[in-house]
Trainee: 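Pasting a structure here, questions to come.
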Amino acid sequence: MVSWGALITGSSKSGSSFQSLQLFERMTLEGLQPDEVAFSCAVKACSRNDLLKDGMLMYNMIVKNSFDSNVVVANSLIDMFSKAGCLNEAQKVFTTVHVGNVVSWNAMITGHVQHGNGLRAVELFEEMQQKGVPPDKATYGCILRAFSSLGMLEEEYLVHSSFIQSGLISDTILANTLVDVYSKFGRLDDAYKVFNDMPFRDVVSWSAVVGGYAHHGNNHKAFELFERMKREHIEVD
RNA sequence: CCGACUCUGACCCUA
């Protein structure tokens, strides 16, 4: 038998979040009790498109059914509220899972960065470590964005050095983030150095570095890189 | 046991 959770997940991957929610609704109308996986999928569906109203209803159902103590369900809610800018709601859910896990922290940090509170994001970054939750790649990506939003270039350099120390610099997504962040600071030389040292470059790496030169008026360099991009083999997923 | 959560460029949208 195929579970409803799997159906909802499948539909949200190949189809619309709207379809996922319809499936979820059908499931409950048929008197079936959604499990924690169905709830997390349904919440994720609500985090797209402006479906926060549905998300609030979902939150109520989740609390009623005591699924809010499930860390993955809670993390989906935190992410949904964070992205929508409802950081008080996000914090409320976060509190119910106590320390949660690294994803809980990352979702909170992302929310603050995206809604103009980079300082709070940095505080959370420090707090999680005090509470014994080690940051992961996603955390570092968020924190690069936080420092960027705060205009803290020196801190970017420090995080960058730590990536070189730890080997995280070979992560394509983090390196791409660094390229973009340095570009936005106008540090095209630093951006290019990160780009040039990357073991694997994807289309995002190229776009970020070309975009940096173009945005800062170095059209010649941008064009040159663009030509090189066409010449070299680029792996696109 | 299986299915669920968080990080990257441009475009688009908004302003």
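Lettering of chains follows the sequences in order, A, B, ..., and the numbering in each one begins at 1.
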Trainee: Take the protein atom CG of A/N75 and the nucleotide atom P of B/rU6, then report the distance between them rounded to whole Å.
Mentor: 9 Å
Trainee: Between A/L77 (CG) and B/rC5 (P), how many Å, whole number?
Mentor: 13 Å
Trainee: Considering residues at least two apart in sequence or located in another chain, which fulfil the side-chain contact (heavy atoms from CB on, under 4.5 Å) criterion with A/L57?
Mentor: none
Trainee: Calculate the interatomic distance between A/I62 atom CD1 and B/rA4 atom C1'; express it in whole Å.
Mentor: 11 Å
Trainee: Taking CG from A/N70 and P from B/rG3, how many angstroms apart are they, rounded to a whole number?
Mentor: 15 Å
Trainee: How would you list, by chain and number, every residue that makes a side-chain contact (heavy atoms from CB on, under 4.5 Å) with A/Q129, sequence neighbours excluded?
Mentor: A/F125, A/P135
Trainee: For A/E123, what residues pass the side-chain contact (heavy atoms from CB on, under 4.5 Å) criterion, not counting sequence neighbours?
Mentor: A/R120
Trainee: Pairs of donor and acceptor atoms involving the side chains of residues 95-111 of chain A, under 3.5 Å and at least two apart or interchain, shall be tabulated with distances.
Mentor:
{"residue": "A/T95", "atom": "OG1", "partner": "A/Q91", "partner atom": "O", "Å": "2.7"}
{"residue": "A/T95", "atom": "OG1", "partner": "A/Q91", "partner atom": "NE2", "Å": "3.3"}
{"residue": "A/T96", "atom": "OG1", "partner": "A/V93", "partner atom": "O", "Å": "2.7"}
{"residue": "A/N101", "atom": "OD1", "partner": "A/N75", "partner atom": "ND2", "Å": "3.2"}
{"residue": "A/N101", "atom": "OD1", "partner": "A/V103", "partner atom": "N", "Å": "3.0"}
{"residue": "A/N101", "atom": "OD1", "partner": "A/S104", "partner atom": "N", "Å": "3.2"}
{"residue": "A/N101", "atom": "OD1", "partner": "A/S104", "partner atom": "OG", "Å": "3.2"}
{"residue": "A/S104", "atom": "OG", "partner": "A/N75", "partner atom": "OD1", "Å": "2.6"}
{"residue": "A/S104", "atom": "OG", "partner": "A/N101", "partner atom": "N", "Å": "3.0"}
{"residue": "A/S104", "atom": "OG", "partner": "A/N101", "partner atom": "O", "Å": "3.3"}
{"residue": "A/W105", "atom": "NE1", "partner": "A/V99", "partner atom": "O", "Å": "2.8"}
{"residue": "A/N106", "atom": "OD1", "partner": "A/T139", "partner atom": "OG1", "Å": "2.6"}
{"residue": "A/N106", "atom": "ND2", "partner": "A/V102", "partner atom": "O", "Å": "3.3"}
{"residue": "A/N106", "atom": "ND2", "partner": "A/D136", "partner atom": "OD1", "Å": "3.1"}
{"residue": "A/T110", "atom": "OG1", "partner": "A/N106", "partner atom": "O", "Å": "2.7"}

Trainee: Measure NZ/A/K44 against C1'/B/rU6 and give the value in whole Å, please.
Mentor: 9 Å
Trainee: Only pairs under 3.5 Å count here: list side-chain donor-acceptor contacts from residues 65-74 of chain A, not counting sequence neighbours, and write none if there are none.
Mentor:
{"residue": "A/N65", "atom": "ND2", "partner": "A/M61", "partner atom": "O", "Å": "2.6"}
{"residue": "A/N70", "atom": "OD1", "partner": "A/V72", "partner atom": "N", "Å": "2.9"}
{"residue": "A/N70", "atom": "OD1", "partner": "A/V73", "partner atom": "N", "Å": "2.9"}

Trainee: Is the backbone N or O of A/S82 less than 3.5 Å from a side-chain atom of A/H115, with the two atoms forming a donor-acceptor pair by type?
Mentor: yes
Trainee: Could you run down nucleotides 7-15 of chain B 5' to 3' and tag each one B, S or - for protein heavy-atom contact under 4.0 Å?
Mentor: BBB------
